[in-house]
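What follows is a set of notes on a single structure, which appears directly below.
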Amino acid sequence: MTGNRNIVIEALLRLHVLACLIFIFAPILGSFVFSLNSDRFPSLPLGHFSLEWYRLIWEDPFVWSGFFNTVIVGLCVAVIATLLGFGGAYTDYRYKFVGKNVYLALALLPPTIPVVIMGLAMLAFLSRINLSGSTISVIIAHGVMCSPFAMAIIRLRLSQMDPDLEAASWNLGGNEWATLRHVIVPFARPAIFAALFITMAVSFDEFAVAWFVSGLNETLPVKILGFLQGQVSPGSTPSARLPSSARSR
Amino acid sequence: MTMTPTTSDAIVKLDGVVKKFGDFVAVERADFEIGRGEFLAIMGSSGCGKTTTLRMLAGLEDPTEGDIWLDGERVNGKATWDRDTPMVWQSLALFPFLTVRENVEFSLKMRSVGKAERAERVHKWLDRMQIVEFADRNISQLSGGQRQRVALARALVTEPEILLLDEPLSALDAHLKVRMQAVLSNLQKDLGITFVYVTHSMSEAFSMADRVVIMSRGKIEQIGTPQEIYHAPRNRFVAEFLGSANIFTGRIVERAGENWMVETDYGRFAVPASKAAEKTVGDSVSFIVSAENMQLGPESADIPGISARVVGEEFVGATAMVFLETESGEELKVQKGHAELAAIDHRAGASLVVHWDSEACHVLPAE
Amino acid sequence: MLSLPLLIWQLAFFLFPLLFLVALSFWTVRNFQMQPDLDFGNWERILTRRAFWDAYLLTALLATASAVLTSLIAFPAAYAISFKVSDRVKQWLIFVLIIPFFTSYLVRVYSLQVFLSDAGIINAFLGFFGLGPILMLNTLFGTLVGLVTLCLPLVVLLQTFSLNFVDRDLVEAAHNLRCGRLRTVLMVIVPSARVGLVIAALFAFILSFGDFVSPLYLGGGNPPTLSIMITDITKSGQQWPRAAVVALMMITTLLTVAFLAIQFAYKERGK
């Protein structure tokens, strides 16, 4: 403790962090509580404790098919996005070339384009080339949106690598591919696993959005998201529990 | 412990200062004063507590125990920004988002000095540091030496009574280092203010400072002028730190005229009794002989000395340091002019006798 | 070459669809069928419509408000996490802040409805003190709450990372040069972390500008934002070309804002 520190200010700052966490986590915890509540539309006071909604979902074949669809898409997307991302990250780490900025922009920009617009563009484009509606089209769309995340994660890891490591491997007789396999990939392995995990999570989340929204009515966001997230048509999924205020649209 | 001769004129006083970080004792106990207009160097290897001591003066750390007095005021717990103790960082800590001029202007702005006066004082210091032409440059475009000058101008623009420097030259190459030493030395003399200079380099400390504080593992080992420390190190640590002394330890076995006879592992040597007046027969005693006071002779000569084998040689300017190894594996150092060495066969492996004049002994008082 | 797969993928499935959107905006719709054309009618229709510019202004204002508000709320938290807590607590907090990314935004918004509605948790709490009920759901306030919920974890994280890179020596140097606590934050820490702070705000703007979940479910969808407008236009009789115009206006706006923000972030002082 020096005279530079002020206990009151530091206590207030900690309280602020706590307040932010409460603000962020209240809705997340709230959704847990409501899912265990017997009422159809959550409001105060809460009804009694119930696992009814979980039972309904458990017994719903649509939910299960949707779930399997999600997992398959998620796994494919994770592998594809991570492979693409690794290539992009290594390119950025290793090479300098004219137009590299354009390359990087192309590789990293997709998450900055709103989902609605991406959906609109892809649905329009893929339906022109007769690729829409299939699981493959969902994987394609998710691959575009997820590969920048994979690339960023792997690129961060590569930037921690001693640049001489690669040169040392060449010096010891490893050609470019051998070096890649025995030096770069092992070094980046933790990041590669992180990328697989995170891209799968991103893909899952996008899926969930459609799953909920498409339960409301067949609006475009549903179509778009439904397309992006695979054509799941849930019956009495939790989406049916959205309060009436949300149905006004 | 040596004190400044004129105690009343001290600008800084450390009174039983202890600093702990958890269980780690950074400064074990610091008791010393720094005189007005003095150039004091605090020297030691990394982790010895020298930087912590400096940071306590700047108010960046508070002592765990003891008091710090700045200009007659006890400053424990006083915020950094309420003190007038500008510092030059090892990293220089120049603000990269400000120009040279804005960096130098910073502390004047903090004191709400008017715009016209600010401009004038900034110009004066840019001029003095010979960096006027870079005034509107970005920090990233300056060379190491130029940045050094900006850091000095920024710290001195308020014309403080004391300047703290934390290894400011360590990032410079050898040539520039020597030039900046001269700049700092002259600056301190011209301004007549107190410099507290932390360094791990003996050459920096000894060439610039009026007095040197040597620290090791949080403890102050010795305080004194460079001459005092060099010729009369207090203990084994300081002697070893200086690097050019041969240290012998033994037991006084008898009095022989003006000398104590000291029995060591290498044999029996005479040490002037006046240099260890408080000792008596049976006491253990350590003494040093600095490398340039050592003599080398061929083995056949019947001078009392230590037989040793040459293991290597290092050039030190106009002289060379010859390293020898005794039969028991201890290292001895002898520093001689090249001409003198040319007369002796001192190739690696050659056996020679090392000897010295007993008047060249210095007894370590604290051992 | 490892570079090519990503390049081809993004060209084929990212750039071409967006370019196709440009082409689409010049197409015409006859009898609910889209036909390739070079017709400026769609652009004219949208850009001269008052409702479009109202929605544009609303969306831009909401996104700006969300970016500013989120940045202001996040900064003290990021500052505390970066400067004032131990390394262990710091790591723990960063981990906790990543959790929301693995939860569904839609579920969170749905849950927020229960907090904000007239008979919801907050009004029940206020009622306990004899206050309210305050109308929060289906208002701009409700939308903003949702947008801040969406952006806050990301902005706190980005700000924290950029504050972690602020040279601690600079902070001490400022104190040493008589700069007090708050002034150091404003004059040294904020300028040092400028790039990261601007990028964080930019992300908040981008997310908020394109989001349609909050305006729809917390703001009631009326007046519409641009995202809602896109869905509305498409719903009404295959008017995809017009939706494409709105989408392109949004993309242009986002790119312009991003360009300006990055210019500002990397602006250098001095010669």
Side-chain angles (χ1 to χ4, degrees), chain B residues 22 51 54-55 57-61 78-113 133-142 150-151 153-158 160 162-167, chain C residues 71 75 78-79 82-91 158-159 161-202 260-271:
Chain B
T51 297
L54 194 75
R55 288 170 59 83
L57 294 183
L60 297 167
E61 309 286 354
K78 190 176 181 182
T80 305
W81 49 84
D82 292 328
R83 304 183 185 205
D84 277 318
T85 48
M87 178 156 153
V88 177
W89 264 255
Q90 182 169 14
S91 68
L92 299 185
L94 296 172
F95 302 121
F97 44 88
L98 299 179
T99 63
V100 169
R101 182 194 305 283
E102 288 165 333
N103 263 284
V104 177
E105 200 178 24
F106 192 88
S107 59
L108 295 176
K109 253 188 181 159
M110 294 302 124
R111 283 152 200 250
S112 315
V113 174
E133 54 191 304
F134 310 117
D136 294 311
R137 291 262 182 100
N138 197 295
I139 296 298
S140 59
Q141 288 156 307
L142 302 186
V150 178
R154 185 179 74 171
L156 289 169
V157 73
T158 54
I162 183 167
L163 179 69
L164 310 177
L165 303 106
D166 184 12
E167 307 217 23
Chain C
S71 293
F75 186 79
Y79 173 72
S82 182
F83 281 86
K84 299 294 178 191
V85 301
S86 67
D87 280 353
R88 242 192 53 223
V89 177
K90 191 189 284 188
Q91 281 173 10
L158 289 175
Q159 288 189 349
F161 292 144
S162 65
L163 289 178
N164 282 344
F165 279 105
V166 173
D167 185 350
R168 271 29 183 187
D169 280 359
L170 294 185
V171 177
E172 292 192 340
H175 287 340
N176 184 249
L177 296 167
R178 290 209 149 221
C179 193
R181 238 175 250 118
L182 182 62
R183 248 182 146 180
T184 301
V185 170
L186 297 178
M187 294 190 66
V188 176
I189 296 177
V190 169
S192 292
R194 184 178 62 186
V195 173
L197 300 182
V198 172
I199 299 284
L202 176 64
L260 292 177
I262 288 167
Q263 285 280 310
F264 173 72
Y266 285 99
K267 195 177 65 182
E268 285 254 329
R269 299 291 311 273
K271 280 178 271 186

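Below, all heavy atoms of this structure are taken into account, side chains as well, without hydrogens, waters or symmetry copies.
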Inset, instruction - State, with a plain yes or no, whether a side-chain heavy atom of C:L177 is found less than 4.5 Å away from one of B:F95. - result: yes
Legend entry - Contacting region of B:R55 [heavy-atom separation from chain C under 4.5 Å]: side chain
Legend entry - Spacing of NZ belonging to C:K267 relative to CZ belonging to B:F97, to within rounding of 0.5 Å: 13.5 Å
Inset, instruction - For C:N176 and B:T80, test the side chains for any donor-to-acceptor distance below 3.5 angstrom and give the result as yes or no. - result: no
Legend entry - Set of residues satisfying salt bridge (Lys or Arg N to Asp or Glu O under 4.0 Å) with respect to C:R88, sequence neighbours excluded: none
Legend entry - Residues C:R178 and B:D84 bridged, charged N to O under 4.0 Å: yes
Legend entry - Toward chain B, the part of C:R181 with a non-hydrogen atom under 4.5 Å: both
Inset, instruction - Give, as side chain, backbone, both or neither, the part of B:L94 having an atom under 4.5 angstrom from any heavy atom of chain C. - result: backbone
Inset, instruction - Sequence neighbours left out, what pairs pass ring pair (Phe, Tyr, Trp, His ring centres under 6.0 Å) with at least one residue falling in residues 166-198 of chain C? - result: B:W81-C:H175
Inset, instruction - Could you please spell out the steps behind the side-chain contact (heavy atoms from CB on, under 4.5 Å) verdict for C:V188 and B:F106? - result: CA-CA 11 Å; C:V188 176; B:F106 192 88; 4.0 Å; yes
Inset, instruction - Could you go through the side-chain contact (heavy atoms from CB on, under 4.5 Å) check for C:E172 and B:M87 one step at a time? - result: CA-CA 10 Å; C:E172 292 192 340; B:M87 178 156 153; 5.9 Å; no
